Structures are given as structure tokens and as C-alpha cells.
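First comes the structure, then the notes that go with it.
Residue numbering restarts at 1 for every chain, and letters A, B, ... go by the order of the sequence lines. Here the structure is a predicted model, which means the values were calculated and not measured.
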Amino acid sequence: MRDQDDTKAGTVDAAETRTSQPTDFIRAIIAEDKKNNKNDGKVHTRFPPEPNGYLHIGHAKSICLNFGIATENEGGLCNLRFDDTNPSKEDQEYIDSIFEDVRWLGFDWEDRLYYASDYFEKLYSFAIQLIKEGKAYVCDLSAEEIRQYRGTLTEPGKDSPYRNRSVEENLDLFQRMRAGEFSDGSRVLRAKIDMKSPNINMRDPVLYRILRATHHRTGNAWCIYPMYDYTHPISDSLEGITHSICTLEFEDHRPLYDWSLGELDIFRSRQIEFARLNLTYTVMSKRKLLQLVQEGLVSSWDDPRMPTISGLRRRGYTPESIRNFCDKIGVAKKDSMVDIALLEHCIREDLNDKAPRRMAVLNPLKVVIDNYPQDTIEEFEIPNHPDNPAMGSRKVPFGRTLCIERDDFMEDPPKKFFRLAPGREVRLRGAYFITCNEVVRDEATGEVVELHCSYDPATRGGDAPDGRKVKGTIHWVCEDRCLLSEVRLYDRLFTVENPGGDKEGPDFKAYLNPESLSTLRACRVEWSLNDAKPGEKFQFERLGYFCVDARDSSGAHKVFNRTVTLRDSWAKIEKSIEGGKKDIGDAREQSRREAPAPSLPGKDEVTIEDFAKLDLRVGIVREASVVEGSSKLIRLMVDLGEGRLRQIFAGIRPGYPKVDDLVGHKVIVVANLKPRQMKFGLSEGMILAGYDDEKISIATFEGSLQPGDKVS
RNA sequence: UGGGGGAUCGUUCAACGGUAGGACAGCGGACUCUGACUCCGUCGAUCUAGGUUCAAAUCCUAGUCCCCCAGCCA
């Protein structure tokens, strides 16, 4: 079994690991109920997955909530119950994965494992009871007819012609449904409630359908299966669930939930709804995740790019980090989209303390230390953690030829580059100072293939006795004493924040990130990693956190998954240089060095820093139309390369009597403006334009710049 | 246009008639044998319009916007 150590966490007390005391409206309700001694002060929750897919981080939120509430309350309990009422979609494989995932997350249902299918017989009896009391009837309408009779959102439904069958006939028919006398879909059992209810769920909802499918637990014992809306409240009630916590979309099912318990006059569980978790740059619906798996867009449910628990586990996430994340996101009723950066923060926070440090070179560049003795290997004792001596140390071999990261050398470096360059001295982490003397390139391609350096023997261990400092420390491995490994670099699965957000327009798969996985097969990693176990986690210094892939590694051949990069302030500097902010950056430095510039009379000044906050982007006008009811506004739909168009209202109609002329123009858009709600709609940006009292014209662009490119 | 929900910094969660606070992200700086970590600083919000009140994110009225519901799925 993999990740044995993590699995042991199965007995942790979630209340103990809680770093703060989050309070939310659900816990407030429960506290209030306890105070009033409702249910004799007992708190009993449940986590009720349907075994038709793998659990994902959204389920983790629910698991942490339900099990968390149980452990926080004296005597509180949380059941695990499979909501297995639809055999056509469910599978034992999913059940097994759910066991593993819940346990791995650190929660324990003890002896309280239940299946809705265990209640089939009781559910049937309750149905008989409803029929006898005239509260349910067998309906012979086809699925299509039921839909028509149901009415619409704005029109009431019509009573089924079978609604007033006698109790005897209903009883007979329902018993024969169970006995298998009727074909699939030919009849259903419905609750008799109110076809005119404004709540569609109350328009005589279906309770049972005929479905000949082999159930993963009950086999072929049944050919009628109860519906969720009927099964769930009764299951909760039978288990004595005091607080039945579910997601927002079930809010308007609550009247039916309450109806079932009320009409049957059994223990009243209370349903409470909260907003499900959405995470940026991923999808969270089981349907979409299943699609990714089935269409081979990812390798499996536990592909490390998946937001599934098993994917996160394989990626190198720890249960603690996920629990902590669930604490931090809170619980509320507002639809929300949590920044995946918060998840990344949580795993960094955890692994920073736990992960031993190692050195690994992903894109090797050969370095020869010319003044180092031939055929000599020495060993450095390097601590496993800079702040925690208790984590010990390991020996790292060093020799005349080394590998360093290609990115750690630049022939013509910009000012802020602190790493190796011709004539520069840097520290090899834990070893020596070296100075680059010569660059060897491939004659044909011009590519740098080797560096010749000299080392200072006096700096052994990494410090210079003369007190001289170096700006940079880089990591390295000994070329003759290292491991050749495969490293998989993962990035976000989608290129847009909300890939499932388009109701019209492209399918979510159109936004898959083609660079979500890059596999490096010629990485040089430090010798000691030879002993690394599947699932074991490390920090590769200066690169990120990595774990040994539990599926594809074998003794000699190791595969490392990058869990998450380290925070990288150099990448930001680099990006700002490339992104065309260079001029502004330099100007910023300049303005700091120089005395304040003389003020311009009569003008309100903004600083260069203020101006730099504007995110100016190239946009292409795709649509333009006049705004009825406004003499000035034109409504523009502008392409900023974001995979959707932005609506922008611009007061430029006086300059553009023929709005169609605007279509196709490249314009400059202030892209990071807070959207403004206008009378005519939301305006998501501004277009730069020039004007005097009479004329107005927008600033347009020629040339090869593309939508979304930066302008400065 | 039926019913059910929801609107607070860029994001997310608080504040329950009495100083709008935290976390993440951003920005700036200090420190550093990881451009990591840590530390310090900083930016930044109550959907709109009225009303009640000494005092409103919170109460009232009227709007606006967003989400969910017409499976014999859950």
C-alpha cells in the first residue's frame, strides 16, 4: 500500500489539527440546536457519496465539514454512507477508491459504514405505507408524458390521469412492479403532492422507477430502484442523522425532504445547504472529470493534474495540507471560486517543514572545474533542512565535472541576475565558490554546451575565510556520482480560470493547457535519492517540492512528480523584463535615485508607479452596436485573447456615426479596471481615445500585436 | 416573466445596530549558503437608491445583478 505513513494519520483528531477556530453558519446552527437540547444535544452527520466517480477536492470540503463537526462536538459521530440507488452508473471500483481517499484524508467512520441499498427493503415498506395512506400512486405515463404534465417553470402542471387510482390498485401495481411484471420505464411510483406547486420538485415527484440493472451490492434482487429525493431523507432518518449537510442545488429539494419525513412520521433530520467548492483553472464536476479520463485527455483518475483526491495524493499533496485548505476556504452559501494559489500555499506551508532538501538538476549544463584534481571525489555533509537540525544530514559527492541548471547561467545577464556568468563568482550550495572562466559552445548550433570554471579551495563548505560575499548560490550535482531520473513538471490543467464557465461557446476541453505536463527524461539528481521510496516527498532546492511517483517508478528508474514550485521572485522580475515593463522598471529606479521632478503646474499628478498599475492590452473589436437610449455610448465586444469577449461601453458615438467601422480595429484597452455596472450592462474595461470639444477618436493600432498583448 | 438562494478588498471568510478584520494574491523592504523560508511595511471592499437611528455591512422600502430548479441522475 502506498503512502503508508500518511495513511496512519487515519486517527488524527481533526479538531486538534485545526490551526484556527473557524466558525460558519452551519456550526452556528448546530451550536444553537445543542444549546436548545434538540435531539438530546446529539450531533450526528454523514458523508454520502454516490459511488459513480472518484472523490475530488470539493468532496474533501464536505468530508472535512461533516467529519470535522462530528469530532469537534463531544460524542459527535459521522457516518460514511454510499448513496447507491442508481446501479447503471455505480461501480465497486469507486467504492474502494472512496474508502481509500476518506481514510487517507485522516477520517474514520469506525463501524458506521452504510449503503442506501441496505435500506431497499425498508424503503419499499415505507412506500407501501405511503400508498396505503393515499400519498403515493403508480403512474403509467411515459417519461415524455410526465415531463409534459409537469408544466414549466412559469406554468403549473396537470394532474396525471392515474393520480386517483384506488389504494388497492396502487398496491397491486406497485407489488407487481417489484415482481418484475412490467418493462423498464413503463410505470413509476409517484408521491401525490401538488402538480400546481411553484416548486417543481413538489409536482408529484417520482419515487421509484423500474430499472433492470445489476446492482453492485444487491445483484439482481431488485428491478425497481428508489430515487434520491425519496431515499436520502429516509436514510438520514434511519441513521439518526441530526444535521444532513449538502450543497446548494438541493435547497429547493428541502420541502420534499421534509415532506417525506413528515408524511412517514419518522425521525426528523435537518437538511442544511452550503456552497460547493470551485477552484480556478480546473473543473470539478464528476461528469467533466469522467470525460477527461474516458477520452484519454489525462492518464487516469489519479493523473497528478486532476483535482481528485487520488490525483492530489499522487501529485505529492499531503492530507494535512488539504485539511488545512478546507479550513481556510470557509463555509458559506455564496457561490465562490477559490484561487488555486491558496491550495498551493497550503502544500508549500506543510512541505516546507516536512520535506527534506535535496539537489536535482533538471536541465543540466556541464561544468568542469579546471583546477580541481582529476579522478577525485570528495563528499560534503549537507543538512537535510536548513532550519531543523533534527532532520539530520546526508553525504553529497563532489567532483571535477558537475552539472548545474542551464537557467543558472547567462552569457549576457541583465542587471538583477545573481547567478553564474562569464567572470562571475557564485557559490555552489554547500560546497565551494566557483568562477566562470570560459564558455564552450557547439560550433554548429552556437548553443552553450560546457563551462570551464575554477574553484577556490579556501571556500570549502561554502564560506570564504576572507569574508567576501557572493550574490548567488546555485545547486549542482556531481556528474559521475548522480542518478539519471525522469521528472514530470505539472502546470494547471486549463488555461482559463473557469473552463466550465461558458454556457454558450466552446466546450471546456477547448481550454485544456497543452503545457500542463512536461516530461524531462535526462535529469540529474543527487545520489542519495537512490533510496527514495514511492510517495516520498522532497524539496529540490531552488526548484520546488517533488515526490516519487508511486505508479511509474521502479527500483533504478525513478520518476519524480513536481508537486508545486517554490515561490519564485526571480520569475516575476524576469517576467516584468520580458513583459515590456522594463522601461517602467528602469524609470522607477531612476525616479528613486533622482531628486523629485518639478511639478507640472495645474495638473493632478499620478506617480509612475500609479500609472504602471494600469494593465493596458491590445484588443480587437469584434462587435459594435449603438446603445438604445444613449446618445454617446457604443457597446463594444472586444477580444483580449482571454477566450471570451469583453463588453465595454464607450462614449465615442459622436466620433463614429457608423459603428460597424469599428469592427476589426485594434484598440488599447485598460484591462484591469474594476467592471462597472452601468444602466445598460456591465462594462469590463475602457478604451483609450483622444478628444477635444467636438472630435473624438479611439487610439488604434497597426502591426502584428495580438489580442491580449501588453502595451506600455 | 414561477419558485428557491446569494451579493463585503483582486479572491475567500469574518464582523449579527457601535473602530469593516483575517487569510491568499499583489506591491515595497529587511534577512538569507535555497531569488525559498521568516520578518516588517503597504495597497485594498460593504451591489444601487431612498428611509429608520446619535450610530447601518447589519433594520425597513424599492431596484439591480449573479446562481440553482422543468432526469424515470445524485
Calculate the interatomic distance between A/Leu343 atom CG and B/rU11 atom P; express it in whole Å. 19 Å
Which value, in whole Å, describes the distance between the C1' atoms of nucleotides B/rA30 and B/rU64? 48 Å
Using 4.0 Å as the upper bound for N to carboxylate O, is an ion pair formed by A/Arg468 and A/Asp466? yes
What is the separation between atom CG on A/Leu342 and atom C1' on B/rC9, rounded to the nearest whole Å? 16 Å
Quote, to the nearest angstrom, the P distance that separates B/rA20 from B/rU46. 12 Å
Once base and sugar-phosphate atoms are separated, protein heavy atoms under 4.0 Å mark nucleotides 34-41 of chain B, 5' to 3', with B, S and - as BBSS----
Return the value, rounded to whole Å, for the distance between atom CZ of A/Phe274 and atom P of B/rC13. 12 Å
How long is the line joining CG of A/Asp339 and C1' of B/rC13, in whole Å? 14 Å
Pair assignment for RNA chain B - dot-bracket with | for other-strand partners, Watson-Crick or G-U under 3.5 Å: .((((((..((((....[..)))).(((((.......)))))....(((((..]....))))))))))).....
If we ignore angles and hydrogens, is there a donor and acceptor under 3.5 Å between the side chains of A/Asn199 and A/Ser197? no
Pairwise C1' distance for B/rU1 and B/rG18, with rounding to whole Å: 43 Å
Return the minimal non-hydrogen interatomic distance between A/Met202 and A/Ile193, and the atom names on each side. O-CB, 3.3 Å
Shortest non-hydrogen pair, A/Phe433 vs A/Gly462, comes out as CE1-O, 3.4 Å
Closest-nucleotide 5' rank along RNA chain B - winner of A/Lys333 and A/Lys572: A/Lys333
Given the C1' atoms of B/rG5 and B/rG10, what is the spacing between them in whole Å? 25 Å
Same-atom distance (C1') from B/rG4 to B/rC60, integer angstrom: 23 Å
Length of the CG-P vector between A/Leu256 and B/rG4, whole Å: 16 Å
Closest non-hydrogen atom pair between A/Thr85 and A/Ala116, with its separation: CG2-CB, 4.1 Å
A/Lys334 side chain near B/rU8 phosphate (N/O to OP1/OP2, under 4.0 Å): yes
Taking the P atom of each, how far is B/rC69 from B/rU61, in whole Å? 29 Å
Rounding to the closest angstrom, what is the interatomic distance between B/rC59 and B/rA45 at atom P? 23 Å
Could you tell me if A/Ser528 and A/Glu526 have a donor-acceptor pair between their side chains, going purely by distance under 3.5 Å? yes
Would you kindly give the CZ-to-C1' distance between A/Phe325 and B/rA25, to the nearest whole Å? 14 Å
With C1' as the reference atom in both, quote the distance from B/rA25 to B/rG44 in angstrom, rounded to an integer. 12 Å
To the nearest 0.5 Å, tell me how far A/Leu130 CG sits from A/Trp259 CH2. 5.0 Å
A/Glu344 CD to B/rG26 P, straight-line distance once rounded to whole Å: 11 Å
Need one value for A/Val331: base, sugar-phosphate or nothing, where a base atom within 4.0 Å counts as base even if backbone is also close, heavy atoms only. sugar-phosphate
A/Asp204 versus A/Tyr137, side-chain donor and acceptor atoms under 3.5 Å: yes
For residues A/Asp83 and A/His232, is any side-chain donor paired with an opposing acceptor at under 3.5 Å? yes
Are a donor atom and an acceptor atom from the side chains of A/Gln271 and A/Glu273 found within less than 3.5 Å of each other? yes
State, without any angle test, whether A/Thr459 and A/Arg427 hold a side-chain donor-acceptor pair at a distance under 3.5 Å. no
Does A/Lys469 place a side-chain N or O at less than 4.0 Å from the phosphate oxygens OP1/OP2 of B/rU32? no
Between protein and nucleotides 68-73 of chain B, what N or O pairs are separated by less than 3.5 Å?
| residue | atom | partner | partner atom | Å |
| --- | --- | --- | --- | --- |
| B/rA70 | O3' | A/Arg150 | NH2 | 3.4 |
| B/rA70 | O2' | A/Arg150 | NE | 3.2 |
| B/rG71 | OP2 | A/Arg147 | NE | 3.1 |
| B/rG71 | OP2 | A/Arg150 | NH2 | 3.1 |
| B/rC72 | OP1 | A/Arg150 | NH2 | 3.3 |
| B/rC72 | OP2 | A/Arg150 | NH1 | 3.1 |
| B/rC72 | N3 | A/Gly185 | O | 3.2 |
| B/rC72 | N4 | A/Leu141 | O | 3.0 |
| B/rC72 | N4 | A/Ala143 | N | 3.0 |
| B/rC72 | N4 | A/Gly185 | O | 3.1 |
| B/rC73 | OP2 | A/Arg209 | NE | 3.0 |
| B/rC73 | OP2 | A/Arg209 | NH2 | 2.8 |
| B/rC73 | O3' | A/Arg209 | NH2 | 3.3 |
| B/rC73 | O2' | A/Asn86 | ND2 | 2.9 |

Base of B/rG29 relative to its sugar, syn (within 90° of 0) or anti? anti
Is the NZ or CZ atom of A/Arg81 positioned over A/Tyr114's six-membered ring, under 6.0 angstrom from the centre and within 45° of the axis? no
A/His475 and A/Arg358 side chains, donor-acceptor separation under 3.5 Å: no
A/Asp24 has an atom CG; how far is it from atom P of B/rG22, in whole Å? 21 Å
